[in-house]
Structures are given as structure tokens and as C-alpha cells.
Amino acid sequence: MTRSTTAAGGGAHWSRLRGGADRLALGCDYNPEQWPREVWPEDVALMREAGLTFVTLGVFSWSLLEPEEGRFDLDWLAEVMDLLHDGGIAVDLATGTASPPPWLATAYPQVLPVDREGRTRWPGGRQHWCPSSALFTEKATALTAAMAARFADHPALAMWHVSNEYGCHHAPCYCDTCAVAFRTWLERRYGDVAALGEAWGTAFWSQRHTSFAQVLPPRLAPTPSNPAQVLDYARFTSDALLAQYLAEKEVLGRLSPGVPVTTNFMTHSHFRHLDYHRWAPHQDVVSTDHYLVARQEQPEAELAFSGDLTRGLASGRPWLLMEHSTSAVNWQPVNPAKDPGQMLRNAVSHLAHGADGLAFFQWRASRAGSEKYHSALLPHAGTDTRIWRDVLALGALLGRAGAVAGTRVEADVALLWDYEAGWALDQPNQPSTRMRYGDDAHALHAALLDLGIATDVVHPDADLTAYRLIVVPTLHLCTDASAANVAGAAAGGAHVLVTCWSGIVDEHDRVRLGGYPGAFRELLGVRVEEVWPLLPGEHRTLDDGATATVWSEDVGLEGAEATATFADGPLAGRAAVTRRPGAGAAGAAGDAWYLATRLHGAALSRLVERIATAAGVTAPVAAPVGVERVRRRGPQGSFLFLTNRTADTLTVDATGHDLVTDTPADGALALAPGAVAVLIEPETPA
Ligand code: GAL
């Protein structure tokens with residue numbers, strides 16, 4: 001289901017970031033304060049050579065912008081802005097509030113965050129400020145106001161970049177300021193303490209409060225804390241940080257009206273401190289950062305997932321990749337360099353999943369500080385380097401690919417993602433710590449990628465009416481409204497696949513009684529009395545030969561049929577995969593599938609392919625399994641993004657002009673291992 005398209009170019013907000021040119025935006029974090037002034041003109045000249053259209057400026061500059069409380073020194077930044085403007089480079093200008101300067105923490109130590117064990121997070125790193133601190137809001141908005149007053153009319157200004165990666169290092173905070181703010185937040189949510197007790201189940205373990213004054217953040221306790229308290233604390237923390245963002249945004253709206261405002265998200269699956277579904281409506285341009293994590297099973301499949309999630313947050317509109325890396329990062333135990341070709345492949349993959357612009361951290365590799373071994377556009381070794389040559393090649397490609405701007409990804413599959421479900425599930429005292437939020441989502445998304453099927457990753461309450469297939473992975477916490485939304489889509493004809501340990505608790509983490517999977521029992525036609533998690537190393541075989549791990553459960557059939565059963569173990573003969581047939585030809589309703597265990601590799605692929613085929617979902621073009629295929633389309637044309645995710649050379653049935661190699665493809669395109677192609681297609685039917 002193709003979402004409607006915007007005008008070519010993606011609208012006015014984007015035009016400045018693209019340097020007003022018919023090319024895709026290319027940018028980076030620029031930290032000129034780390035270098036002598038003499039370097040700045042050379043920076044701008046090299047930026048032009050690389051085809052950069054914008055830079056993000058001033059993210060960590062507070063201590064220079066306001067060297068003493070209330071005394072602002074913005075002249076050096078104005079000089080940089082002028083230089084950039086003269087060089088035709090637009091600026092995504094940070095408000096500079098990401099990390100407070102030493103004078104602030106010295107004068108106001110109460111802004112420092114405190115961890116769960118009561119330890120203060122001292123200055124010396126970055127982002128040492130408490131999410132609930134009104135004092136921090138006051139100091140941050142003062143800087144924002146000074147910045148806006150000085151630069152609102154600067155011709156280089158293309159966008160405001162508020163703070164940086166909210167929640168990355170300082171959330172949650174458990175200090176006394178947060179305790180007070182949490183109580184206010186709870187009073188607003190529950191009205192009285194009896195309602196709070198009902199929601200949190202405080203009859204358990206003698207936890208009943210008689211006033212809000214007794215309620216605390218979930219600080220270190222002899223046992224894990226009340227799970228509903230932890231869940232609400234995660235919501236509260238996300239809201240507290242959102243309020244900090246909105247306070248700065250309000251200042252910008254007043255003093256710099258009409259200039260778009262963003263803050264960079266971290267839609268990487270390992271970052272879950274913020275509920276971005278609540279943040280996204282407040283972004284004029286949705287932007288995110290993404291870095292590959294080497295310990296993950298399929299880091300590049302996770303990259304694709306992050307892109308699909310970011311597109312979901314942007315309601316299908318193009319989004320901006322605010323940071324990624326040309327090669328290694330610096331914050332993992334071992335930081336591998338990117339292989340030859342990988343930088344281009346990763347960059348193109350972000351475009352395939354809906355980005356209209358790509359930016360990197362950072363321009364020059366730092367000479368000092370914690371990030372001196374983090375890759376950059378300009379490495380320590382200078383321009384006679386593989387990285388710099390790759391940067392020039394990417395710049396040239398983005399120049400050729402300008403027409404992609406504003407086009408929309410076409411997807412018939414929705415995969416549901418919910419930060420709250422993750423907060424509820426990833427807590428202690430579950431049946432198994434091996435059942436983690438995100439694992440099933442990633443595995444299913446990767447299986448779809450391998451089949452060349454594009455997926456929108458969206459909130460469970462999103463409009464699902466236009467999708468042919470809805471995938472519901474481990475939606476442990478599920479509201480009545482979300483369950484009704486999924487059931488409604490199924491009644492309207494969508495096929496649905498739900499995986500185990502979904503629909504179990506309501507929004508307060510209270511179990512839905514009467515059998516699992518609670519909220520989806522009726523839709524799926526199953527009733528589970530008891531779950532049987534599997535130990536590490538333990539597995540089950542299904543009657544179709546598939547190997548299952550992590551989880552099993554005793555599924556009773558109440559309208560569904562078993563399409564696969566456990567062939568061994570205590571549940572031998574009981575259902576492992578079920579299908580409740582829809583109305584088929586007689587009516588609209590789609591089939592409802594339930595996967596009551598965890599499958600891997602080819603077995604998972606087979607199941608996904610079977611369901612996708614029944615739902616009428618197909619890849620845009622034929623290719624062997626392992627070729628990612630995404631089509632972006634707009635009034636200006638149709639673009640097919642292809643990535644060979646395998647170690648073999650594979651041939652794709654595709655026709656068009658490949659922008660990567662600048663060569664035509666006439667019916668067949670051979671893709672080397674790891675290669676990417678971006679084809680401008682001849683007219684294809686919508
Ligand atoms: C991001 C951050 C950047 C830089 C980068 C390194 O978290 O926004 O400032 O630290 O990571 O990978």
C-alpha cells in the first residue's frame with residue numbers, strides 16, 4: 001500500500017538542507033571549536049569538494065557559547081556560519097544545550113543526575129543533567145534564546161537541532177527532583193492514590209501507599225521493583241525529557257518562526273529510553289542516528305529495521321539520517337572498520353528505507369578526547385585515504401540521485417513496534433529472561449527483508465487498514481484499543497501473524513485473565529493454559545522438521561487449526577503453529593496465524609513466505625532469497641533499491657538505469673556479494 005506522495009523534493013523544509021540543489025542532502029556534525037581558526041576555510045573547501053549540502057553545528061559548544069553564566073560569546077560561531085554560507089553549506093544549528101558547562105554544574109550541583117543506586121553522575125563526560133530539572137530548563141532555554149536571537153535570520157540557517165540524543169546517558173535519573181516530578185506526573189495520571197494502587201497492584205507485598213508523598217522512583221531495592229512502577233517510571237522519564245525538548249522548541253517557535261526544528265532520535269533497537277511515538281509528532285523533520293553494533297547477529301538487517309521504524313515515526317514521509325559512521329565507532333569492546341564497499345552499502349540502505357538525506361558523525365576525526373578513534377569524513381591520515389575517496393563517491397551518488405527526494409517507500413506489510421511493550425517485557429521475574437522484546441521483531445523483519453518484502457514498522461494504534469499482512473511480534477503489553485485495531489484490520493481482510501507472549505498484559509502490566517494470549521485469544525482462536533520456556537541449549541523439533549528454541553506453550557485450539565505440532569518434549573503432539581482461517585473467498589476476513597515458539601533461519605523464512613503468499617504480498621521484482629528489494633515511488637518516477645545480503649553473486653530481474661554504477665540494466669542485473677544498486681525504473685504500474 002502505497003502511501004500518497006509529496007511533491008518532488010520533499011517540501012520546503014528539505015530544500016535548504018539540500019542546498020537548494022537537485023541532489024539528496026549530505027551532511028555531518030561539524031565541531032570547528034576543536035580546531036584552530038586557520039583550518040576552517042580549508043574545511044569549507046573540502047566540504048564543497050565532497051558535495052556536502054549542510055552541517056550540524058554547535059552540538060557540544062555550550063561552554064564556549066556561554067563561558068560564564070549569562071555572558072554569551074557567539075561571535076566565533078557567527079564567523080563559522082558566515083564561512084559556511086559563503087561556501088554554499090547550509091546549517092542545522094544546534095541549540096548547544098546537550099552538555100552543560102563546568103560553571104553550571106559547579107554553581108548548581110542539583111542539576112546532576114543520579115543513578116538507581118544513588119550515585120551522582122558527575123561532570124567529566126557529557127549529558128550530566130537531570131531530565132526533571134527546572135533549573136536546567138531555565139539555563140538551557142536562556143542559551144536557546146540567545147542563539148535564536150542572534151541566528152534566526154542568518155542566511156545559512158536551515159534547521160534547528162535541539163540538544164542531542166535525549167536520554168542517551170542520563171536516563172532514567174532517580175534523584176529527589178525526579179521523585180517530586182514523578183509524584184506530580186502520577187497524580188495527573190491517576191487522580192488519587194487508590195487508583196494508583198489498583199493500577200500498580202500494590203496489594204502485593206504490602207506496597208499500598210496512603211499518600212503520593214510515599215511514592216518513590218524505582219530505586220535500588222532488595223528485590224526487583226514493582227513492575228508497574230518501573231513501567232510508569234519509563235513513561236514518566238520519556239515525558240520529562242520531551243518536556244525539556246518542547247521548552248526549547250517553544251523558544252525557537254517564538255524567536256525563529258518558520259525554521260524547522262528537530263532533535264536526533266536513536267531508533268537503534270538497543271536504545272529504548274524514549275517512547276518516540278510520543279515524540280515524533282513534535283518534529284518538523286524526523287531525524288535519527290544509527291550505528292552498527294558488532295555484537296548483533298545481523299547488524300545490517302538491524303539497520304534496515306531502524307530505517308523502517310524511523311519511516312513509521314515519520315508517518316511514511318522522508319526522514320533524515322542525522323548521524324552514522326564512515327567506518328569504526330569508538331564505544332564497543334572492539335570497533336571493526338567497515339569493509340570496502342560497506343560505507344556505501346550502509347548509506348544506500350538508509351536511503352532505501354526512506355531517508356532523503358544522510359549525515360555523519362563527524363567532519364574531522366578529533367585529535368583529543370574520548371572520540372579521537374571514532375571514524376569521520378576526514379580521517380587523521382587526511383584526504384589521501386580510502387575513507388575520503390569513499391566520501392567523494394557517496395557525494396557524487398547523492399548528486400545523481402536527487403530525483404529520489406520526496407518519494408515514498410511502498411510496503412504491504414506492517415510490523416507492530418511499541419516501546420511500552422518493551423518496557424513491560426524486559427523486566428525481571430518473567431517466565432524467561434531469554435524472551436526479550438525486539439528479538440522476534442528483528443527475526444521476522446529480517447526474514448521479510450531476505451524475501452525482498454518491504455515492511456512499515458508502526459505503532460499498534462497506527463492506521464492498519466491498507467496493509468495486506470500485519471506482523472505482531474511479542475506485543476507483550478497490549479491495550480484494548482491496539483487489540484481491536486489488529487482485529488479490525490483482520491476483519492477487513494489483512495492476514496495477521498502473532499508471536500508468542502503477546503497480548504498478555506494491559507497498559508498497567510496486569511495479566512489479562514482467562515488464558516493466554518489474552519488480547520489476541522479470540523482473533524487467533526487459541527487458548528494457552530501454561531507456558532513452557534526452554535533452557536539455553538534445549539530445543540524442540542516440530543513435525544515438519546523445524547527446530548524450535550527459547551519458548552513453547554500448551555496451545556488449546558478454539559477455532560484455529562494446528563499447521564505444525566511439537567514432535568518431541570512434554571508437549572509432543574500439541575500445536576506449535578496455528579492458523580484460524582479467515583472468511584476466504586466468502587468474505588473479507590484474513591487468516592490469523594499464531595507462532596507459539598521461536599523458529600530460525602530457513603524454517604522461519606518458510607513460514608513467513610507461506611503467510612505472505614497467502615496474503616498476496618510479493619517482492620517488487622523477482623530475485624533469489626537474500627536480495628533486499630525496496631521500491632520508492634513519487635510523481636517524478638520509480639526507484640528500485642537492491643542490496644545483495646549474501647556471499648554469492650546473484651541475479652535480479654530488473655530493468656532501469658543503475659545510479660550507483662551509472663550503467664543500464666535490461667531485464668537482468670548481476671549483484672556481487674554486498675553490492676547495492678539504485679535503479680531508475682521505466683514506468684511501472686502503481
Ligand atoms: C552519538 C552522538 C555523537 C557521537 C556519536 C559517536 O551518540 O550523538 O555526538 O558521540 O554517537 O558514535
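Just follow the structure's listing: the first ligand is 1, and inside any ligand the first atom is 1. What you see below is based on every heavy atom in this structure, not just the backbone, and it leaves out hydrogens, waters and symmetry mates.
W417 and F305 have their aromatic ring centers within a separation under 6.0 angstrom. Residues Y291 and H374 place their aromatic rings such that the two centres sit under 6.0 Å apart. Between Y166 and W279, the gap from one ring centroid to the other is short of 6.0 Å. In this structure, W62 has its ring center no closer than 6.0 Å to that of F72.
Numbered from 1 in the order shown, with element, the atoms of ligand 1 that lie under 4.0 Å from a heavy atom of E371 read 4 (C), 5 (C), 6 (C), 10 (O). Residue-ligand proximity, W331 to ligand 1, at heavy-atom distances under 4.0 Å covers atoms 6 (C), 12 (O). Taking a cut-off of under 4.0 Å to the non-hydrogen atoms of F60, the atoms of ligand 1 that pass are 9 (O).
A cation-pi arrangement is present between R364 and W35, with the terminal nitrogen or guanidinium carbon under 6.0 Å from the aromatic centre and inside a 45° cone about the axis.
Side-chain N or O atoms of H353 include none that pairs as donor or acceptor with a backbone N or O of A355 at under 3.5 Å.
Looking at H374 next to ligand 1, an N or O pair under 3.5 Å apart turns up. Checked by distance only, ligand 1 and D29 stay at 3.5 Å or farther apart across all their nitrogen or oxygen atoms. Looking at E165 next to ligand 1, an N or O pair under 3.5 Å apart turns up.
Residue, atom and distance of the protein heavy atom nearest to atom 9 (O) of ligand 1 are R126 NH1, 3.0 Å.
Between H324, Q332, E323, M322, it is E323 that holds the heavy atom closest to atom 8 (O) of ligand 1.
Here V59 has no heavy atoms under 4.0 Å from ligand 1, in either its backbone or its side chain.
Taking 4.5 Å as the limit, every side-chain heavy atom of P428 sits out of range of all side-chain heavy atoms of T433.
Heavy atoms of Q362 stay at 4.0 angstrom or farther from ligand 1.
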